[in-house]
Amino acid sequence: MPSKRDYYEVLGVSKTASKDEIKSAYRKLAKQYHPDNKETGSEEKFKEIQEAYDVLYDDNKRATYDQFGHAAFDQNGGQGGFGGGFGGGFGGFQDVDLGDIFGSFFGGGRRTRRGPTGPTRGNDAFMRVRINFMDAINGTTISIPLDYDEQCDKCHGTGAKSPNDLEVCPHCNGTGTVRTRQQSFIGIVETQTTCPHCGGSGKIIKNKCDACNGKGYNHVHNNVDVKIPAGINEGQQIRVPNKGERGINGGSNGDLIIEITIKAHANFERDGDNIHIEVPISMVDAALGVTITVPTVYGEVDVKVPSGTQAGQILKVRGKGVKNIRSGIYGDQFIHIKVVIPSSMSKEQKTLLEKYRELDSKNETIFDKFKKMIKK
């Protein structure tokens with residue numbers, strides 16, 4: 001299945017776009033791609049635009065998306081999803097005037113398209129980070145050393161000292177490409193290549209920005225703090241905005257996608273939102289019953305082991321599992337009882353057990369019952 005495009009890229013807005021800018025971008029695109037538009041309508045693109053708007057126009061959804069990306073709204077229930085979801089269909093127009101969107105379909109309104117030399121967002125970058133088991137359970141903040149290209153604050157990615165120092169390239173007329181024609185044995189061959197004078201940007205810089213020397217970006221090394229939410233699971237991802245590959249022609253950086261891997265714990269084992277642990281008890285405690293203090297991922301709790309507990313029996317402690325990122329509900333902890341038979345005993349212990357066996361032999365023993373069952 002193809003990966004989803006970044007929602008900001010879908011609407012053609014920056015990561016810092018205001019709600020008015022998001023609404024305006026949505027109106028233009030919805031008008032262009034609505035299925036009722038016989039010229040340029042596209043149901044697939046319209047759904048993509050609608051989905052992006054539903055998230056970015058809602059402050060809470062937008063904040064979640066900025067931190068976790070598409071995984072925050074994965075409806076497939078997969079390991080990489082954080083839950084959520086959208087309303088589907090063509091709804092969600094409560095904040096937009098439908099008349100504004102569709103009123104000029106046949107009014108001869110002019111559409112504009114960003115050229116190849118316009119600002120282009122950079123690609124996302126990916127990395128894996130391994131964290132401790134307990135940090136995945138309780139959440140933490142990690143510091144990651146990163147080397148990346150950051151848009152120049154002084155020229156805003158143009159590379160020019162001032163806006164007046166940026167001119168349309170006279171060699172390619174701002175297209176960023178040049179065409180050449182050559183005679184070959186098969187006839188005239190026309191080729192299109194990147195303009196060598198402007199490097200494909202379509203612009204010529206008269207005076208370079210002194211902060212970035214005309215590059216439009218600076219290479220930086222920073223320690224980036226990343227918040228790991230409590231309950232994150234193996235393979236889930238966290239999105240760090242603007243720390244991916246640099247954009248082109250003043251476009252914003254892509255995002256950094258961090259995939260989480262988790263170290264195994266010596267005693268606890270995770271299964272979804274539940275925790276499992278094996279606890280040893282003596283055969284006497286299993287027979288008579290006992291209250292034991294059991295470790296959980298949140299501290300110790302007292303657990304009553306009923307009399308007659310068998311080896312391998314499982315006891316449940318409610319609410320001591322992992323907090324579900326999607327619902328906020330805690331899973332359970334399951335205690336697997338391991339009955340330990342002593343390999344050596346004192347003389348007094350042996351005497352007591354011999355006495356027990358003598359008393360037990362007056363009734364039909366477990367082994368006697370087993371033999372009768374076999375004969376049948």
Colleague: Group every Ile, Leu, Val, Met, Phe, Trp and Tyr by side-chain heavy-atom contacts under 4.5 Å, then state whether Phe126 and Ile144 land in the same group.
Modeller: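 Looking at the clustering, Ile144 is in a separate group from Phe126.
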Colleague: Any side-chain heavy atom of Val224 within less than 4.5 Å of one from Val240?
Modeller: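 Yes, their side chains come closer than 4.5 Å.
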Colleague: Apply side chain to side chain donor-acceptor pair (under 3.5 Å) to Thr193 and list each qualifying residue two or more places apart in sequence or on a separate chain.
Modeller: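 Residues passing side chain to side chain donor-acceptor pair (under 3.5 Å) with Thr193: none at all.
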Colleague: Determine, using the 4.5 Å side-chain heavy-atom cutoff (strictly less than), whether Val322 and Phe268 are members of one ILVMFWY cluster.
Modeller: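 Yes.
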Colleague: Kindly write out the residues that satisfy side-chain contact (heavy atoms from CB on, under 4.5 Å) with Tyr217, not counting sequence neighbours, or none if the list is empty.
Modeller: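 For Tyr217 the side-chain contact (heavy atoms from CB on, under 4.5 Å) partners, ignoring immediate neighbours, are Asp149, Lys215, Arg246.
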Colleague: Is the side chain of Asp255 donor-acceptor paired with the backbone N or O of Asn242 at a distance under 3.5 Å, no angle test?
Modeller: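 Looks like yes, one N/O pair under 3.5 Å.
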Colleague: Look at the aromatic rings of His276 and His336 and report parallel, tilted or perpendicular, splitting at 30° and 60°.
Modeller: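 Tilted.
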Colleague: Apply side-chain contact (heavy atoms from CB on, under 4.5 Å) to Leu166 and list each qualifying residue two or more places apart in sequence or on a separate chain.
Modeller: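 Partners of Leu166 by the side-chain contact (heavy atoms from CB on, under 4.5 Å) criterion, ordered by chain and then number, come out as Thr158, Ala160, Lys203, Ile205.
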Colleague: Test your reading of the model: is there a side-chain donor-acceptor pair from Asn324 to the backbone of Arg326, 3.5 Å cut-off?
Modeller: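 Yes, Asn324 side chain to Arg326 backbone: donor-acceptor pair under 3.5 Å.
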Colleague: Tell me whether Arg270 contacts the main-chain N or O of Gly272 through its side chain, where contact means a donor paired with an acceptor under 3.5 Å.
Modeller: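 Checked: pair present.
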Colleague: Parallel, tilted or perpendicular: which fits the ring planes of Tyr65 and Tyr8, with parallel below 30° and perpendicular above 60°?
Modeller: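 Tilted, since the angle between the ring planes falls between 30° and 60°.
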Colleague: Could you list the residues that satisfy side-chain contact (heavy atoms from CB on, under 4.5 Å) with Ser343, not counting sequence neighbours?
Modeller: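 Expected list: none.
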Colleague: Show the numbers, then the answer: is there a salt bridge (charged side-chain N to carboxylate O under 4.0 Å, His left out) between Glu48 and Lys45?
Modeller: CA-CA 5 Å; Glu48 183 183 42; Lys45 286 187 177 180; over 6 Å; no
Colleague: Salt bridge (charged side-chain N to carboxylate O under 4.0 Å, His left out) with Asp147: which residues, sequence neighbours excluded?
Modeller: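 Checked Asp147 against salt bridge (charged side-chain N to carboxylate O under 4.0 Å, His left out); zero matches.
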Colleague: Tell me, please, which residues at least two apart from Thr180 pass side-chain contact (heavy atoms from CB on, under 4.5 Å).
Modeller: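 So Thr180 forms a side-chain contact (heavy atoms from CB on, under 4.5 Å) with Thr191.
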Colleague: Between Gln349 (side chain only) and Ser346 (backbone N and O only), is there a donor and an acceptor less than 3.5 Å apart?
Modeller: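 Side chain of Gln349 to backbone of Ser346, a donor-acceptor pair under 3.5 Å: yes, one is there.
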